[in-house]
Amino acid sequence: TIKNSGAPSGAQAPSSGKSGTGTAELADGSGTKVALVPGGAHPYFQPWKAAGASAKKQYGLGDVTFDETSEWDQQKQDNLLSTLAARGYNAFGIFGVSPTDINTTFADLKSQGFAVASLASCPAGGTDKADFCLSTDVEVAAYKAAKAAIEAMGGQGTLVHLTGNNVDANTQLRIKGVAKAVQESGGKVKLLQTITDVDKDLQTAQKAVSDLLAAKGSQIQGIVTTAYNPAVAAADAVRTTGAKAKVVAIDDDAKILGAIRDGSVAATVVQNPGGQAELGTWALALLQTKQCTMRHPGQTIDSGSFVVTKANVGTYDAARKARTEQLKKQFADTYLVCA
Amino acid sequence: MSEVLLECREIVKVFPGVRALDGVGLRLTAGSVHALLGENGAGKSTLIKVLTGVHPPDAGHLTWRGEQVHLRTPLEATRTGIGVVHQERNLIPGFSVAENITLQNPPSRHGLVDRQAMNAPALRCLEELGLDLDPHRLVRELSVAQQQLVEIAKALHTQSEVLLLDEPTASLSPQEAENLFQVVRRLTARNTCVVFVSHKLEEVFAISDTVTVLRDGRSVLESAPLADHTHDDIVNLMVGRAHTAAKMLPRTPEPTSVPVLALDGICTARGHQDVSLAVRPGEIVGLYGLVGAGRSELVKAVLGLDRVTGGEIRVDGTPARIASPRQALHEFGIGYLTENRKEEGVFLEQPIHRNITVTVWKKLARALGVVSSAEERSVAQNLVERLGIRASGLDQNAGELSGGNQQKVSLAKWLAADTRLLIVDEPTVGVDVRTKHVFHELLWELARTGLPILLISSDLTEVITLADRVLVMADHRIRGEVGNDHHYERMSGRIIRLIHDRAPSAVSAQQDAK
Amino acid sequence: MITTNDRGGRAGAVLRRFSRSTAMTLLCVTVAGYLALGAASSGEFLQGPSVRTFLQYLATPILIGLAQTTALCVGQLNLAVGALGGFTACLMGILMADAGVPAPIAVAAGVVVAALVGLVTGVFIVATRINGFIVTLGTMTILLGAQYRLAGTRTIDDYSPTLRDLGRAAPLNLPLVFLTALVAAALLAAFMYGAIAGRRLLAAGGNPLAARLSGISTDRQIVLAHTLSGLLVGVAAVTATASLPGVNTSVGGDWLLPSFAAPIIGGVSLNGGSVAVFGTVLAAFVMRLIDAARAQFSLDPSWVNFLIGLVVLGTVVGGRIRQTHLEKKGTTHERTPPAPASRGQTADAALPNAGGAR
Amino acid sequence: MRTPVRTPRNASRADDEVAAPKSTQRLPIWVNQRLGLLVLTVALATLFGILRPAFLDQRLVLFPLLRDISTLTVVALAQMVALSVGHMNLAVGRMASFGALCAGFGYDRLGLPLQLGLLLCLFAGAVIGALTGWIIARTGVGSFVVTLAMDFALLGLVSLLYSALTENAAFTTRPSGLMDLRSTSLADICIGRVCGSPAVPQLAQFTVLALAGLGFLYTCTRMGRELLLTGANPAAAELSGIPTGRRILLAHTLSGLLAALAGFMAAVGTGTFRASIGNDFMLPSFLGAVLGGTLLTGGIVSVLGALLGTSLVGVIRKGLDLLGVGMESLNIYLGCVLLLALSADRVRTVVSYRKVVRSA
Ligand SMILES: Nc1ncnc2c1ncn2[C@@H]1O[C@H](COP(=O)(O)OP(=O)(O)OP(=O)(O)O)[C@@H](O)[C@H]1O
Ligand SMILES: Nc1ncnc2c1ncn2[C@@H]1O[C@H](COP(=O)(O)OP(=O)(O)OP(=O)(O)O)[C@@H](O)[C@H]1O
Ligand SMILES: [Mg+2]
Ligand SMILES: [Mg+2]
């Protein structure tokens, strides 16, 4: 049922797989060693570990490793990648620490013949030197979060945005996304302040939130957070101080899901890290074995983002799984060209 | 024969690069004053450190009242009954006088310091030394001499049976030294043994009973009665051969020539009033005063380290404004040998050759500021030999030298600098007899070749030996001038009188203020 | 011998000394800044909840500042402040949440472990004679690893509600954690000023050789200082664990620089031998004021950093200009350095003129 | 010779037969701390090479390792220069990022060629350093406080400038030659048939230059000596006629310049000029310098030591990476190996000291 549209005619073996992935069924992955390299330790990436391990088993890959030792430093990440290459890894799923630099790294790896995927974040500036980029659109996710917050606030009021490192391309995109949502409200929602640089540690985040609530608490109706530590801190502050501000968080760490359940967080925008790792590993294996190539090298693929509220907190994961399945089909159908 | 308290035999102590003690013996008997003599670097301080548990000996025995002991830490030594004043000042700058004095066993209640109980013993010790000092003052606010006395008071506080004094009088004025000797006599009357290290042989002969002489880490005379030896004997033993003081060639400074440095009515922020003096080519001007008279401070103000509020400084007859010691050295050719060698004189953690050549790098520098290491070393080597500095090499850190040798290093850099005027502040503090003569000859010769020297010294003999004129300073003012006739009795009488003419009024003024 | 009059004079001298000290300057800055903020927020800043928030977050900077002070007073540095704090916080969290250890025991265990780590660090420094800077850098790295190993990337939050309540409690609007920090500061001050052991510590820091010659084991003081420092970090970790929404690997990540800034701005010298508990506390206040101002005026953090930097540099330069001005006018011999001076000469210059009429 | 007067050779000195103190052997050269570091580094590299032969892979392992070491060595040197006068530079990282900002600005807005941008970067670093030094020297306030304030000011300034000047908070324009500088090694330089090793990045030329320059400064010149003595004892240095104020200024200027150079190298290493450059410079700067034997209190520096200290840490880290030590244990092992290695070195020193003393 799945046709590889646009694939060169002929040389098409009939699909044999139950999943109906056609020739995108991996023939032999035992020579493929995939390294999944996040930018550093962060709860967001934790599903990668399990997804990578299961992909290894499922597709019979030579190895899949998860290495988060890069400590949010581009140079360390570059070093780590070459070390991994020296250790025999030949396919890389990478979250680039610095979106403006990572293309150079991708180009380096590509030039050595490795398969490279940009996972969870795309290089800044439109071009992508990796084979593909499978990520949430950061700007869209932030936009969705802001929308959710505005909705929770009842469509009007004052909003505050808490986020991470100011001088980071992704942060700039998040700021843009939130601004866009605020603008769309047509003046009914006012963005009081964007507080950056509060993701470094939990205490800084908590302090910033408390100070904010102490100084301007009465004016604030909504808080949208697009970084982990501020989200945890904001949820807690709202719960303990009884402030009426609605908090919208990001990601689905256990702590945040708990807060959704107890109501201190109105909504969260979850992304699809598990899907990214699973699909990424699979596609990397196909590319590495030269079984397939990308139809449009450097293509950007949205892995999806979902607004989760108390209502769908129990079910969103199923929706996400479905989305992953659908993505896989799309990969086989349109993004990959397989021999 | 009274009881032998502490005895040591065949003590050996090795430092990398030098065998500081090489089989030294010493016997200390109760109720005596034992002089420990030797040239700079002979090993006196090292022996004292071995006896007080600072350095573990590499070989040898120590016995206390006939029983063998091992002193591993200073605390053990104190507990055994050995008190000590080390050569270098060792006080805690941020603590009060009282607390420093009682540092070894502070009075306490339930582990808390009892500051009230601290004052009485501190005051008692200070009083014994005739020192009127507020026990609450912080030690870092005290002058060098006051700190030295506090250090002695601290040793008195331990009430030990053996008291080792390593050059206690080096920076004391005669009065204070005399006070100290009174204390020493009182202590010996109480059956304490006092070990006395000094380079001032007059003092040694005045108070000591027995003597040990060290040379190159060996005892050449061991615990012998001092009365059996003459002054010259002792010097010969220390030096290792017949020592003859050289006859110094006469010097005739030209009294009418333009002074190289002239101060005219100088007032400073530190309270100097109307200070005038002049130093002419080839002249040695002595500036005498009791400790704390303000001589060092005057020089520092002149060199731009402190504010001059009035008066005029003239160099070679032209009015000059000296902003910094650097300008003084490089523009006016004025060198200043500081009295405070540990803090301001030598770079303890730096090799000797750097310490000496620091003032001449500017001259040695070639293109790109390159200083040839060989040339630097030859300058340093030359001075090391000339001053007889005892070191295991030019690369040894100055901090590892004996006190007197550090003083020589400190002087050496000014000799290297080839200045047009030399201001020397207490140049022979802690310098041994022979070297002191060498220093004196050197200063004399320098003056003979036309170098003017301003000699600040609290050592009256030194001033009378060297100076052409003696200015007397007290309480930040020049009290008068005495032409030197090199006759000790006459001169000392006149100088002391100048000081004491005004002293009573100063004292009463102080009392009024209180 | 000491008359009452004398004592009065001494009290006067102490007062005079204080009026010229760094602490005085800081006190003025704190009061002025606080009032200015109060005025700017039209009084809101001086009201209950704001005051409470303000004080709540003072606990950590004060405690880590004190921890660093104890290390600095013997001339050591403790780079492991943040890592040890984070590690201890995570340890307590894990003990309570995962191992089900009752809160009091977990807290006690945390503090003891922190003190033990300090002890081991001290012993290692003394035994190997490796520079304390390097050793604490090493322990910092190890502790960072251990903290990550304990907590991973999750946030541990299901621990004792009582502890949490205590962490948030604020009788009379004075947060308990802040009071804890103040008590720690008072105890430390009493220890440093009044206890024999504290005096030994300072003696060893002020002049190690002299202390050794007076029978004080500098080695032991170094060990003690690191142990105390660890203990204070442990207390800081307790307050953090109690007041945070949960503990994770990021806790302690931002402690290092503030831990140095507070004592050094407060007047502690890096060379050892000095301690300024009051100054450290005040410096923490000043830094906290900046946070509060940032929230009050909705300042961009970049601007805040930029301004802090400029203001400090400006104060430093301005203080110097004022001083030169005063000196020129000749109205004073004594200087009030705006911050600890690096050169010995300033210390001399600040001394009373002995030659004058007294 | 410039000694002023001839020695007064008189009777008492003419027949001078005073034996110099019996000197024993001084500590042998092999007690030298630098040598210890070198031995340690080589030993660990060999160990890792045996455990994982891939460690000796020139292109994938050694090249990036050396590129890293090159950059961090310059950072350590920047700190070392400040330490030499007994000061600290807490703003090394921020000076680096400021320098990189200026270089990026030059390439992006002014269209400067590679070399000119580098010069602009160095100039900017030197100016900031000089400003810092000037404030310290003029006010006498501790370098810790001043450089901390400078760190804050630059932290803010750099982010403000990046936000104002760029879209992505980074300058992405790359002048021609930049990418070559990033990825070329000595293998790309051939003299006749003989080419260099592919393990040595060309970026290392800056490090070599910095090492040579500072080595020359500290061992051969008057400035270097005066810097050291200023650090060893400021009061004595001032009284010996050293312009301590100017030397402090010089030290901080050099420190700023080297920091900026490191910032440039870091930017070249990753490809763009962005604000996060230098974020992690402070601790390695101290670690490299202090491990190498530079005293925190001033007066003693070791230029080669900075290289060796940085290399040791780099090798340990790389080795652990290659062994596949995960995030959970990496830091634990890193710290332990470092401390163990150093203790071993200490033992060696103590043993040899004892030997010398005993043999005397
Ligand atoms: N810590 C040390 N390291 C190396 N050498 C040392 C050390 N302490 C002393 N020495 C050496 O030991 C020798 C004896 O020194 P010591 O200080 O005992 O001399 P001294 O007799 O007290 O001289 P002075 O009269 O000058 O004080 C000297 O050559 C000195 O350089
Ligand atoms: N650091 C200081 N703090 C307080 N008072 C000081 C300090 N240094 C010196 N004084 C005081 O200043 C006065 C002058 O000291 P100065 O050192 O100039 O005297 P001096 O004549 O050179 O005597 P000497 O050098 O022999 O001690 C003394 O009364 C001394 O107590
Ligand atoms: Mg001596
Ligand atoms: Mg004097």
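Because the structure is predicted, anything quoted here is derived from the model rather than measured. Just so it is clear: chains get the letters A, B, ... in the order the sequence lines come, proteins before strands, and each one is counted from 1.
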Nearest-0.5 Å distance that lies between atom [atom1] in [X] and atom [atom2] in [Y]:
X      : Y      : atom1 : atom2 : result
B:H86  : C:L209 : NE2   : CG    : 8.0 Å
C:S217 : B:L75  : OG    : CG    : 9.5 Å
C:S214 : B:I101 : OG    : CD1   : 12.0 Å

### Summary
Cut-off 4.5 Å, heavy atoms of chain B, and the answer for C:L202 is both

### Query
What part of C:F191 is in contact with chain B, defined as an atom under 4.5 angstrom from a non-hydrogen atom: side chain, backbone, both or neither?
neither

Heavy-atom contact with chain C under 4.5 Å, split by part of [X]:
X      : answer
B:P93  : side chain
B:H110 : neither
B:E343 : neither
B:R115 : side chain

#### Entry: Over 12 non-hydrogen atoms of neighbours within 6.0 angstrom of OH in C:Y193
no

### Message
More than 12 heavy atoms of other residues, nucleotides or ligands under 6.0 Å from CD of B:E88: yes or no?
### Response
yes

### By salt bridge (charged side-chain N to carboxylate O under 4.0 Å, His left out) - contacts of C:R212 (at least two apart)
none

### Message
Quick one, C:L213 and B:T52 - any side-chain contact, counting heavy atoms below 4.5 Å?
### Response
no

### Message
A side-chain contact here means heavy atoms from C-beta on lying under 4.5 Å apart; do C:I196 and B:L112 qualify?
### Response
no

## Note on the structure
Closest heavy-atom pair, C:A203 versus B:I92, reported as atoms and distance to 0.1 Å, is O-CD1, 3.4 Å

### Task
Under 4.5 Å, heavy atom to heavy atom: which of residues 149-157 of chain B reach chain C? Give them by number, or say none.
B:K154

### Query
Given the options B:L103, B:N100, B:T158, which has more heavy-atom pairs under 4.5 Å with chain C than any of the others?
B:L103

